[in-house]
2 protein chains.
Amino acid sequence: MRSYDEYCAIAKSLDLIGDRWTLLIVRELSLRAPCRYTDLRNGLPGIATNLLASRLRDLERAGVVMREDAPPPIATTVFRLTPRGADLQPILDGLIRWGLPLMFEQHPQDAIRSHWMLRALELMLCDRDPAGPPVSIELDTGDQPIVINAREGRLSTRIGRAEQPTVTVTGPMKPTLALILGFASTDTAAKEGLAIKGETDVLQRFALNPHALGATPPPTPADQAPT
Amino acid sequence: MRSYDEYCAIAKSLDLIGDRWTLLIVRELSLRAPCRYTDLRNGLPGIATNLLASRLRDLERAGVVMREDAPPPIATTVFRLTPRGADLQPILDGLIRWGLPLMFEQHPQDAIRSHWMLRALELMLCDRDPAGPPVSIELDTGDQPIVINAREGRLSTRIGRAEQPTVTVTGPMKPTLALILGFASTDTAAKEGLAIKGETDVLQRFALNPHALGATPPPTPADQAPT
DNA sequence: CAGCATCCGCTTTGATACTG
DNA sequence: CAGTATCAAAGCGGATGCTG
């Protein structure tokens with residue numbers, strides 16, 4: 001990208017990370033480093049391969065990304081965030097929070113990768129009964145299963161299958177999100193194609209973290225077409 | 001911008017605010033709304049006027065910006081952030097914090113606008129003697145003078161002249177920044193072309209807010225060219 | 001197959017000129 | 001003042017080819 005040539009911290013940040021695809025590459029590395037070139041391509045559907053190579057070079061020069069030659073058994077290059085790159089997390093988190101309302105507009109052409117949801121779930125979800133027994137929720141809703149573990153008020157998420165899920169939700173991503181954030185009842189969820197197995201009531205325990213969003217309610221279609 | 005077509009909160013945010021110039025327009029409105037079209041152009045040196053018009057339309061559709069017809073005496077359209085647009089502040093702040101180290105690379109071609117520094121100074125600066133007497137610092141270093149007021153541990157900044165500045169710093173922006181953040185002594189500052197008038201010692205009272213940055217030290221040229 | 005580089009058609013951007 | 005119109009140049013997306 002050409003520089004904005006402004007003596008302004010925001011502009012200078014955007015000079016380095018404001019290019020198309022750049023922050024999504026950082027997202028990928030923040031969610032599952034170390035990452036091979038091919039992993040990155042899979043996590044960035046639609047990116048042109050020359051552009052990915054070019055961006056990785058730029059990010060390396062900017063001190064955001066580093067490449068390593070993985071040890072013999074793997075014998076390939078892997079990419080990671082540098083500490084300076086990891087410092088971008090607050091910006092990614094800000095984008096996740098601001099973008100949550102937009103997740104309720106799912107377009108048919110939208111690609112889905114389960115790992116994109118991991119950090120979002122950690123940020124947005126809150127356990128309203130931190131003293132309750134530990135539970136693990138499995139979401140089978142994307143290309144890979146997601147596990148949410150709640151234990152002593154702390155939430156963690158990962159890709160994989162739960163050994164003994166307290167409850168398992170199967171179906172499309174959007175209603176699943178609405179369900180666990182408490183925006184939809186289990187009845188509504190079922191109508192939208194979700195199958196819930198196990199202790200359904202456990203889902204009531206979770207809700208949207210009240211600190212997660214700004215004070216402004218999500219814009220509705222009505223806001224955009226006032227009469 | 002074309003959509004990334006990803007069901008991911010970060011990607012969906014970037015679909016709306018990831019275009020070139022877009023976040024800088026939001027910056028302008030966050031720093032000095034309401035803003036006329038011409039004010040925006042002045043705060044965004046280098047933007048093509050058709051692009052500004054196009055971005056403003058996009059931001060309006062996205063619910064981030066609103067336009068108003070100013071009342072008769074002014075008789076022009078002005079632009080503001082909507083509440084939803086104001087919710088972008090944490091993202092702008094993140095970019096400011098991450099970008100601070102980059103402010104110590106000032107290029108000759110970099111445009112300067114004093115108001116770009118206002119939020120950065122508020123975020124980065126900390127009063128180490130909150131119980132001390134109120135002081136006001138004037139910085140004459142850009143296209144307009146900046147006033148920093150410190151009172152009871154709270155810092156505020158504005159464009160304008162102080163009525164009775166405790167101290168006034170005149171000269172280029174970069175050494176001024178280094179001086180008030182405590183990265184440079186008054187001697188060093190003088191060598192870089194700064195003139196300091198008034199109670200010089202007051203400047204010692206301020207320093208970089210330790211909470212302002214991530215834990216990672218700024219990258220140095222040495223990091224980029226290892227031997 | 002992993003990790004690119006090259007080529008090509010298209011879209012976006014930037015610079016300038018022009019208008020109500 | 002607040003934009004629209006025009007056009008050259010740069011960037012992007014997609015396909016393909018090359019190298020270990």
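- Look at R41(A) and you won't find any side-chain N or O under 4.0 angstrom from OP1 or OP2 of dG3(C).
- Distance L24(B) CG to dT13(C) P: 13 Å, rounded to the nearest Å.
- In the set dA5(C), dG3(C), dG14(D), the nucleotide with an atom closest to the side chain of T77(A) is dG3(C).
- dG3(D) atom P lies 12 Å from atom CD1 of I25(B), rounded to whole Å.
- Checking dC1(D), dG14(C), dC4(C) against every side-chain atom of R67(A), the shortest atom distance belongs to dC4(C).
- The cationic group of R20(B) lies under 6.0 Å from the six-membered ring centre of Y4(A) and within 45° of the ring axis, placing it in a cation-pi geometry.
- Between E6(B) and R27(A) there is a salt bridge, with a side-chain nitrogen of the basic residue lying less than 4.0 Å from a carboxylate oxygen of the acidic one.
- Partner L44(A) forms a side chain to side chain contact (heavy atoms under 4.5 Å, CB included) with one of L51(A), D39(A), I25(A) and no other, that one being I25(A).
- Closest to the A53(B) side chain, of the nucleotides dC1(D), dT4(D), dG13(D), is dT4(D).
- Closest-nucleotide positions on DNA chain D for R2(A) and T49(A) were compared, and the one nearer the 5' end corresponds to R2(A).
- Picking from dT4(D), dC12(D), dG14(C) the nucleotide with the shortest atom distance to the side chain of R55(A) gives dC12(D).
- Rounded to an integer number of Å, the gap from CZ of F79(B) to P of dG3(D) is 5 Å.
- Whole-Å rounding puts the L56(A) CG to dA2(C) C1' distance at 13 Å.
- Residue L51(B) contributes atom CG, which lies 18 Å from atom P of dT6(D) at whole-angstrom precision.
- Nearest nucleotide to the side chain of N50(B), out of dC7(C), dC12(D), dT6(D): dT6(D).
- Electrostatic pairing of D87(B) and R97(A) does not count as a salt bridge here, judged by no charged N lying under 4.0 Å from a carboxylate O.
- Distances from the side chain of R57(B) to the nucleotides dG3(D), dT4(D), dA5(C) place dT4(D) closest.
- Residue I47(B) contributes atom CD1, which lies 16 Å from atom P of dT12(C) at whole-angstrom precision.
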Run the numbers on E60(A) and R57(A) for salt bridge (Lys or Arg N to Asp or Glu O under 4.0 Å), then give the verdict.
CA-CA 5 Å; E60(A) 225 182 325; R57(A) 265 194 307 273; over 6 Å; no
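- Atom-to-atom, CZ of R36(B) to C1' of dG3(D) comes out at 14 Å; the value is rounded to the nearest Å.
- We find that CG of D5(B) is positioned 17 Å from P of dC12(D), with the value rounded to whole Å.
- The phosphate of dG11(D) has neither OP1 nor OP2 within less than 4.0 Å of any side-chain N or O from W21(A).
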